[in-house]
There are 2 protein chains.
Amino acid sequence: MSTMDPIGQRQTAQRRAIREVILTARRPLTASEILTEAGGSLPGLGIATVYRTVNLLMEAGWVKSVRLPGEPSRFEPADGGHHHFFQCTACGLTFRVAGCAGALEALVPDGFHVEGHEIVLYGTCQGCSRS
Amino acid sequence: MSTMDPIGQRQTAQRRAIREVILTARRPLTASEILTEAGGSLPGLGIATVYRTVNLLMEAGWVKSVRLPGEPSRFEPADGGHHHFFQCTACGLTFRVAGCAGALEALVPDGFHVEGHEIVLYGTCQGCSRS
DNA sequence: ATAGGTGCAAACAGTTTGCATGTAT
DNA sequence: ATACATGCAAACTGTTTGCACCTAT
């Protein structure tokens, strides 16, 4: 899967722009953040196109969604490896956390099969803890 | 805090019914599930009252909200102890999971303070794994 | 009597969808 | 040329809010 692979059936400026914005961002972006970013070079870009393209990118395996409880969906490159998130309760910023607590299978009763998990940590970030 | 403590300033049939529905349910309920349940004995009950009462119950410490990523809020008694959730990817049912993976503080860099966390396990439940 | 609560409808955010227009192929 | 993509607006879900009416105190 190279950068030149088409998304869907056709290459369009919108799809290229949206993919680039997500792939070059250093944090997961919401749909409206993507609209703002990509809309800079593509006046008239609509939120529906962002959602349609993001869904296409997810089906194609380029992008995955990050869903923090009570937060709008964010989108990030799918190849970022397994990680979780830390959300600062003071400033609201969301940080990526590299590690992962294992042994989660042990938590469920017999007959249940754990295939995946989501962990969100809450607390105060570096900046907010200091002040 | 006894069962007779008022919620807000006044006791009303709606508030009593909504509280009882949440406190006697054996799984967390969405606002519309609460409306359906409590609405049985209170025809005309509105969804706005459910939300207003649930928010009041949360402020009062009776109830807490369960927010699974991408799911509508659910509400459960606040005194249920620390636990997490397992959501079946086949049938969609949500189960409570008693245990908890510790050592989550180790995942964040120096300067970050972990105050809480949320863990959601995904997989197949007992019934769906069998078939 | 009156502050506070309720129901309804409107408003709101996030997301999806229908449709006529536009465009990559 | 034509099937696919876009933009807009409408629809939809979950949640909150404004307001006139109602009720526990």
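Chain naming here is simple, since letters A, B, ... match the order of the sequence lines and numbering starts at 1 in each.
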Novice: What is the separation between atom CD on Gln11(B) and atom C1' on dT25(D), rounded to the nearest whole Å?
Specialist: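 Interatomic distance, CD of Gln11(B) to C1' of dT25(D): 11 Å.
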Novice: Could you measure the distance from the CD atom of Glu33(B) to the CZ atom of Phe75(B)? Nearest 0.5 Å is fine.
Specialist: 10.5 Å
Novice: Measuring from Glu37(B):CD to Ile22(B):CD1, what's the distance to the nearest 0.5 Å?
Specialist: 11.0 Å
Novice: How long is the line joining CZ of Arg74(B) and C1' of dT15(D), in whole Å?
Specialist: 15 Å
Novice: When Glu76(B) is tested against each of Arg27(B), Arg26(B), His83(B) for side chain to side chain donor-acceptor pair (under 3.5 Å), which residue passes?
Specialist: His83(B)
Novice: Could I get the full list of side-chain contact (heavy atoms from CB on, under 4.5 Å) partners for Tyr122(B), not counting sequence neighbours?
Specialist: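 By the side-chain contact (heavy atoms from CB on, under 4.5 Å) rule, Tyr122(B) matches Glu118(A), Pro69(B), Gln87(B), Thr89(B), Val120(B).
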Novice: Could you work out, with side-chain hydrogen bond (donor to acceptor under 3.5 Å, both in side chains) as the rule, every residue matching Thr49(B), not counting sequence neighbours?
Specialist: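 Expected list: none.
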Novice: Does Ser73(B) place a side-chain N or O at less than 4.0 Å from the phosphate oxygens OP1/OP2 of dT15(D)?
Specialist: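 So the side chain of Ser73(B) is within the cut-off, an N or O lying under 4.0 Å from OP1 or OP2 of dT15(D).
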Novice: Please give, in whole Å, the distance from dT16(D) P to Glu59(B) CD?
Specialist: 11 Å
Novice: Checking Phe112(B) now: which residues fulfil ring pair (Phe, Tyr, Trp, His ring centres under 6.0 Å) with it, not counting sequence neighbours?
Specialist: Phe86(A), Phe95(A)
Novice: Indicate for each nucleotide in nucleotides 4-13 of chain D, in 5' to 3' sequence, whether protein heavy atoms under 4.0 Å reach the base (B), only the sugar-phosphate (S), or nothing (-).
Specialist: BSBBB-----
Novice: Is there a donor-acceptor pair closer than 3.5 Å between any side-chain N or O of Thr53(B) and the backbone N or O of Val50(B)?
Specialist: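 Looks like no, no N/O pair under 3.5 Å.
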Novice: Under the side-chain contact (heavy atoms from CB on, under 4.5 Å) rule, collect the residues that match up with Leu107(B), sequence neighbours excluded.
Specialist: Val97(A), Leu121(A), Leu104(B)
Novice: At a heavy-atom distance below 4.0 Å, what parts of residues 31-39 of chain B sit against DNA chain D?
Specialist: none
Novice: Under 4.0 Å from OP1 or OP2 of dT16(D): is there any side-chain N or O of Tyr51(B) that close?
Specialist: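 Negative; the distance criterion is not met.
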